[in-house]
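Numbered from 1 within each chain, the chains take letters A, B, ... in sequence-line order.
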Amino acid sequence: MHSIKFIRENEQIVKQCLDLKGSDIDLTEILDIDFKRRTLIQEVESLKADRNKVNNDISQNKKEKKDCHNLINDMKNISVKIKALDNDLNQFNNDLNNKLLYIPNIIHQSVPVGSSAKDNKVIKIWGEKPKFEFNPSSHLELCESLNIVDFKRAAKISGSAFPLYINRGAKLERSLINYMLDAHIENHNYTEIFPPFLVTSNSPLTTGNLPKFKDDMYYIENDDLYLIPTAEVPITNFYANEVLDENALPTKFVAYSACFRREAGSYGKDTKGLHRLHQFNKVELVKFCKPKDSYSELDKLLNDAEKILQELNLHYRVIELCGGDLSFSAAKCYDIEVWSPFEQKYLEVSSCSNFESFQARRGNIKYRDKSSNKLEFVHTLNGSGLATPRLMIALLETNQNSKGEVIIPKPISSYFGKDIID
RNA sequence: GGAGAGUUGGCAGAGUGGUAAUGCAGCGGAUUGCUAAUCCGUCAUGUCUUAACAGGCAUGCAUGAGUUCAAAUCUCAUACUCUCCGCCA
């Protein structure tokens, strides 16, 4: 969210970003509401100044036991007017706020120009595509032959697009999560959080999932709670409505959570296997920092996430998203995509984004800046480090041998207890 | 689920119908030959004037309604926190 003041003073920049993100929001309408609102404020506040003056007079007179009937009658009139104007003002304020919640973040200058995914830039390729002396199997075939994911029974229990890991599949999933958590805690100095998976509506409002993307989340009507689509939602709200000590910044959190997504609007896409699921596991990284540090912190965050794939020796590339492909809340974003040898394509396993003050405003997360001694909004960042399903695809397909077995990479094997699934 | 207590600024904490005390921390300044002490100012949000510095006004006492000339204060509803009881992995 942006302050209306910022929009008023930077109309052209906001408009450019709206156009780039293909938004149909009418800025002139918003600025018009703002103008009317400010006119009303002036009107009602001068009446309130009057009221305060007369109030004092009444108070004085009462002390001196003088008659103040006339004054009280005057006040009656003023109060009626104030009440009516305050009502109007409230409507303008609500209207304005509701509209502001739908305005996406401003795109950072360094972001490549472009309108869709085809304009994204590949900025890094790590490792090489593995070569096989046999025809590699798909992750689906491996899951079935090794009996590690049971898609059929999962569908019987929960419907389509829910995974059910079994046997060594369940243990491998657990090993991946534990390995990634420990790597970020021990090697990259993140503080571990194990968050609640159900949240009240103000939490997704902070992160930008609400109000615009309500249909993407599972909602529990009885209790007015949402299932989290990512651990970003609870962690970003860890400091909601708080003022942080500047010396404590940056703070870095890592959390495992299950993630729940309705995937409304993507029916028929990636329906097979582990590509796109209603429930999946993810290890998430979240940072709070001072505005001047947020882009260097984004680079570090990206490195921390990449490190996982490097240690697992999986071929991947890093994409810098263009303006048109950026998500609602992000000012800049890198995607990490891991290679699937069977499908011969790259699969997204992480998005690392800087939200600047966009989420901090919505969640009211501030710090006191020592140099200006003013309260300022922090910058928030997050990235997956990493999501497991597509990581599992790459891991199984890359490490298979001609006998249909899967070799477990070194960093995982100590968690897994073996170095092969046969 | 039941009963009770509570929610005031960055933090602590007074205020029970008539301008939101005070303390701590932070920041700025004054002063005493230096790290301390003392004193003064500042320290939330919006809006207006101003190129800016700054100043004026209004708002802000969990949230939302209501009573009243006037609400932190009275009434009602809701949320959250704490204590006790009940149920429960």
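Proximity of Arg37(A) to the phosphate of U47(B): a side-chain N or O atom is located under 4.0 Å from OP1 or OP2.
In this structure, the CG atom of Asp369(A) is 16 Å from the P atom of G10(B), given to the nearest Å. Atom-to-atom, CG of Leu225(A) to C1' of A79(B) comes out at 13 Å; the value is rounded to the nearest Å. Per the geometry, CD1 belonging to Ile33(A) stands 15 Å off P belonging to U47(B), to the nearest Å. Atom CD of Glu9(A) and atom C1' of U50(B) are 14 Å apart (whole Å). In this entry the distance linking CG of Asp34(A) with P of U47(B) reads 7 Å, nearest Å. Taking atom NZ of residue Lys5(A) and atom P of nucleotide U45(B), one finds them 10 Å apart after rounding to whole Å. In this structure, Arg368(A) atom CZ and C24(B) atom C1' are separated by 14 Å, rounded to whole Å. The separation between Lys370(A) atom NZ and A25(B) atom C1' is 10 Å, rounded to whole Å.
Comparing G60(B) with C53(B), their C1' atoms are spaced 27 Å from each other, to the whole Å. For the P atoms, the distance linking U59(B) with U73(B) amounts to 15 Å, nearest Å. Taking atom C1' on both G1(B) and G86(B), the two are 7 Å apart, rounded to the nearest angstrom. Between C43(B) and U50(B), the distance separating the two P atoms is 23 Å to the nearest Å. Comparing U19(B) with G29(B), their C1' atoms sit 28 Å apart, to the nearest whole Å. Spacing between G55(B) and A62(B) at atom C1', rounded to whole Å, works out to 33 Å. Spacing of C1' atoms, G6(B) relative to U78(B), comes out at 16 Å, to the nearest Å. For the P atom pair drawn from A12(B) and G66(B), the interatomic distance equals 32 Å after rounding to whole Å.
No contact: Arg361(A) has no heavy atom under 4.0 Å from any strand. Across all strands shown, Leu375(A) has heavy atoms under 4.0 Å from sugar-phosphate atoms exclusively, and none from any base.
Relative to the six-membered ring of Tyr219(A), Lys214(A) meets both conditions, a distance below 6.0 Å and an angle of at most 45° to the axis.
Ring centroid separation for the pair His379(A) and Phe358(A) does not come in under the 6.0 Å cut-off. Remark: aromatic rings of Tyr226(A) and Phe260(A) are distant, center separation not under 6.0 Å.
Side-chain N or O atoms of Arg168(A) include one that pairs as donor or acceptor with a backbone N or O of Asp422(A) at under 3.5 Å. At least one donor-acceptor pair under 3.5 Å links the side chain of Asn354(A) to the backbone N or O of Glu356(A). Within the 3.5 Å criterion, the main-chain N or O of Val233(A) finds no donor-acceptor partner in the side chain of Thr236(A).
Between Lys290(A) and the options Glu297(A), Glu376(A), Glu246(A), a salt bridge (Lys or Arg N to Asp or Glu O under 4.0 Å) holds for only Glu246(A).
Side-chain proximity of Ile41(A) to the nucleotides G46(B), G10(B), C48(B) is greatest for G46(B).
Atom OG of Ser350(A) and atom OH of Tyr334(A) lie 12.5 Å apart (nearest 0.5 Å).
Annotation: side chain of Asp88(A) is in contact with side chain of Leu40(A) (closest heavy-atom distance under 4.5 Å).
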Readout for nucleotides 56-76 of chain B: B = base within 4.0 Å of protein heavy atom, S = sugar-phosphate only, - = neither; 5' to 3' it is -BSS-------S-BS------

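Ring pair His188(A)/Tyr190(A) is perpendicular by interplanar angle, where above 60° counts as perpendicular and below 30° as parallel.
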Given Watson-Crick and G-U pairs under 3.5 Å, RNA chain B in dot-bracket ([ ] crossing, | other strand) is ((((((((.[[[..)..(...]]].(((((.......))))).((((((....))))))..[[[[[..)....]]]]])))))))....

